[in-house]
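Atom set for the values below is all heavy atoms of this structure, side chains included, hydrogens, waters and symmetry mates excluded. Every chain is numbered from 1, with letters handed out A, B, ... down the list of sequences.
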2 protein chains.
Amino acid sequence: MNAEAIKRSLESGGLRCTPQRYAVMAFLTECKRHPTAAEIFEAVNRVDPRSSRATTYNNLRDLVQAGLVREVAVEGRAARFDAKGMRHHHFICDRCGNVEDIEWYNVRRPASRSLGKRILRECELIFRGLCIKCAQRRASG
Amino acid sequence: MNAEAIKRSLESGGLRCTPQRYAVMAFLTECKRHPTAAEIFEAVNRVDPRSSRATTYNNLRDLVQAGLVREVAVEGRAARFDAKGMRHHHFICDRCGNVEDIEWYNVRRPASRSLGKRILRECELIFRGLCIKCAQRRASG
DNA sequence: GAACAGTCTGGAATATATCTAATGTGACAT
DNA sequence: ATGTCACATTAGATATATTCCAGACTGTTC
Ligand SMILES: [Mn+2]
Ligand SMILES: [Mn+2]
Ligand SMILES: [Zn+2]
Ligand SMILES: [Zn+2]
C-alpha cells in the first residue's frame, strides 16, 4: 500500500494523519510478522520522526478502535498487532507464542438461540499447536 | 463434580493433589464465570488453606499445561481461566471484557495445505461484540 | 531418619500498559 | 498576524499482571 492509500485509510477511520500515526500504520501494513507494541515503537523510531512509547500505545489504541488494526492477545505475552488487510485466521504457537496468518475461510455463526440478546460483531477463529520451527525442534530434539 | 472426581482428574494429569491445587481446581470447576488469577487467589483464600499468590499462579500454569484448565487471554486485561468441562466456545465483550460460554458446535478445520507442517492441537472459536448488559446499556444510554 | 523431589511462601523483580501534566501543532476565525 | 481550540505528543511516573527467587515445608523412598 502506498502513502496516499494509508493516508486515506486513516482519514476514513476518522483519524488525522499525523507523522507518528502514519509511521505506525505504514509499518504494520508492510510488516508480515505480528509485532508487539515494543517492536513497533522500536521500528518506527529507527526512522524519523521519533515517537514516544505513550504515543505508540495511543495510536495503536486509536487504530484498533477505528477498525484498521487488529490486536491479538497471547496468553502470558505482550499483545501483537496487524493491519486488517485481507481477511485471515490466526495460528498461535503453544511454545513460542508466534502468531501466523492462515488462509481465510468462512466460519459458521452460532445459532441465534445461543447468542441470545448479545450483539455479535465478529467471529474469530484461532488455531493452536506448534509452528513449523517448534514442531521441527520437538521432532529432532 | 465431587471431591473424588477432582482428585482423580488432577492425578490423571500427572499432578499431585495438594490442598492448594485442589482448591484452585475445585473453585474453577464450580465457578460459572471466568475468574482472573487474582479472583481465584482471593476465592480460595476465603476458605482454608491459605495459598500464596505465587502458588496460585504456579498451580494455574500446571493445570493449563496438564490440559485441565483453559486460559483465555483478553486484550488489555488480566487472563481468565475456566475448567475444561464440556466443550464450548467463548464470547468476549468488547466493552467490559467479560468472557461467556457459547454452546459448542463443530468447526471446520483448515485445509492441510494452509497448515503446512504445523502441528494443530485445537481450533478455538471466539465471538466478539457486546454482552447482554453492555448491549442494553448502549440501547438505553 | 537421611535424602530427595516436589511444593509452598513472601517479597522482590520484571514486563506490560496506562496515566499525567506540560507542551506542541495545525485549522480556522477574528 | 494573532488568538483560540481541539487534538496530539512527550517524558516520566504509575498501575497492573505475572514471574522469579531463595528458603522452608511435606510426603515418600531407601
Ligand atoms: Mn494476521
Ligand atoms: Mn468457558
Ligand atoms: Zn513456535
Ligand atoms: Zn459487556
Side-chain angles (χ1 to χ4, degrees), chain A residues 6-7 10-11 13-27 34-45 47-66 68-81 95-97 99, chain B residues 6-7 10-11 13-27 34-45 47-66 68-81 92 95-99:
Chain A
I6 290 173
K7 192 153 174 275
L10 289 178
E11 278 156 6
L15 298 173
R16 276 196 204 162
C17 183
T18 68
Q20 292 85 348
R21 193 173 281 155
Y22 174 89
V24 169
M25 190 65 195
F27 176 66
H34 294 78
T36 62
E39 287 167 346
I40 295 165
F41 168 67
E42 202 203 359
V44 302
N45 275 331
V47 297
D48 272 356
R50 316 225 113 229
S51 179
S52 73
R53 199 160 28 98
T55 297
T56 304
Y57 275 103
N58 286 343
N59 282 329
L60 283 169
R61 184 196 354 86
D62 296 343
L63 291 167
V64 168
Q65 274 180 1
L68 298 173
V69 165
R70 166 181 316 199
E71 176 174 354
V72 184
V74 184
E75 338 77 68
R77 308 185 189 245
R80 290 158 172 281
F81 299 85
R95 242 194 101 267
C96 69
V99 177
Chain B
I6 290 173
K7 193 153 175 276
L10 288 179
E11 279 157 4
L15 298 174
R16 278 194 203 161
C17 183
T18 68
Q20 292 86 347
R21 192 173 283 154
Y22 174 90
V24 168
M25 191 65 197
F27 177 66
H34 294 79
T36 63
E39 287 167 346
I40 294 165
F41 169 67
E42 202 203 359
V44 303
N45 276 332
V47 296
D48 273 355
R50 317 222 112 233
S51 179
S52 74
R53 200 160 27 96
T55 297
T56 303
Y57 274 104
N58 285 343
N59 282 330
L60 283 170
R61 183 195 357 86
D62 295 345
L63 290 166
V64 169
Q65 273 181 0
L68 299 172
V69 165
R70 167 181 318 198
E71 176 174 355
V72 184
V74 184
E75 337 76 71
R77 306 185 190 247
R80 291 160 171 280
F81 298 86
I92 303 181
R95 241 193 102 268
C96 68
N98 266 355
V99 177

For residues 71-78 of chain A, please give each side-chain donor-acceptor pair under 3.5 Å, one per line with the distance, not counting sequence neighbours.
| from | atom 1 | to | atom 2 | distance (Å) |
| --- | --- | --- | --- | --- |
| A:Glu75 | OE2 | A:Arg128 | NH1 | 3.0 |
| A:Arg77 | NH1 | A:Cys96 | O | 3.1 |
| A:Arg77 | NH2 | A:Arg95 | O | 2.9 |

Next item on the list: Please state how far atom CD in A:Glu11 lies from atom C1' in C:dA27, giving the value in whole angstrom units.
Entry: 14 Å
Check: Going 5' to 3' along nucleotides 5-20 of chain C, which nucleotides have protein heavy atoms under 4.0 Å from the base (write B), which only from the sugar-phosphate (write S), and which from neither (write -)?
Finding: -SSSBBBB---SBBB-
Check: Do any N or O atoms from the side chain of A:Arg80 and from the backbone of A:His34 form a donor-acceptor pair under 3.5 angstrom?
Finding: yes
Checklist line | Derivation and outcome, side-chain contact (heavy atoms from CB on, under 4.5 Å), residues B:Leu15 and B:Arg21 | finding: CA-CA 9 Å; B:Leu15 298 174; B:Arg21 192 173 283 154; 3.8 Å; yes
Checklist line | A:Val44 side chain reached by A:Gln20 side chain, heavy atoms, under 4.5 Å | finding: no
Next item on the list: Taking side chain to side chain donor-acceptor pair (under 3.5 Å) as the test, write out the residues that go with B:Arg53, two or more places apart.
Entry: none
